[in-house]
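A short write-up of the structure that comes next.
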Amino acid sequence: MATMLEYIKTILQKVSFDKALFEKELRKAVNMLVPDELKELKSWCYKQFGKMYRVILNRCFSRVVPG
């Protein structure tokens, strides 16, 4: 069975064509995950979507995960 983190990664990849939907799903994910998963998600998101959605990533992660 896939973890919640893997599920969230899949969802984010599927909605990445739509900026608003991507941000909505990322916000839900940030509220769902525990700190260790959140750190991993943050790192993964910047690698996958850093060029496309840096502003959204900065906004969603700025008040949640240090570093």
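- Here the straight-line distance linking atom CD of E6 with atom CG of L41 works out to 10.0 Å at 0.5 Å rounding.
- By the side chain to side chain donor-acceptor pair (under 3.5 Å) test, N58 is found to be paired with Y46, residues two or more places apart in sequence or in another chain being considered.
- In this structure, CG in L33 is found 4.0 Å from CD1 in I8, a value given to the nearest 0.5 Å.
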task = Could you walk me through whether C45 and F61 pass the side-chain contact (heavy atoms from CB on, under 4.5 Å) test, one step at a time?
result = CA-CA 10 Å; C45 279; F61 287 116; 4.0 Å; yes
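- Partners of K28 by side chain to side chain contact (heavy atoms under 4.5 Å, CB included), not counting sequence neighbours, listed by chain and number: E25, M32.
- One finds a salt bridge joining E23 and R27 here, because a Lys/Arg side-chain nitrogen approaches an Asp/Glu carboxylate oxygen to under 4.0 Å.
- Contacts classified as salt bridge (charged side-chain N to carboxylate O under 4.0 Å, His left out) and involving residues 43-58 (residues at least two apart or in different chains) are not found.
- A 4.5 Å side-chain heavy-atom check between L5 and L38 finds every atom pair outside the cut-off.
- Under the ring pair (Phe, Tyr, Trp, His ring centres under 6.0 Å) criterion, F49 pairs with F22, W44, not counting sequence neighbours.
- Remark: L26 CG to N31 CG distance equals 9.5 Å, nearest 0.5 Å.
- Distance NZ/K24 to CG/D18: 10.0 Å, rounded to 0.5 Å.
- Here E37 pairs with nothing under the salt bridge (charged side-chain N to carboxylate O under 4.0 Å, His left out) rule; sequence neighbours left out.
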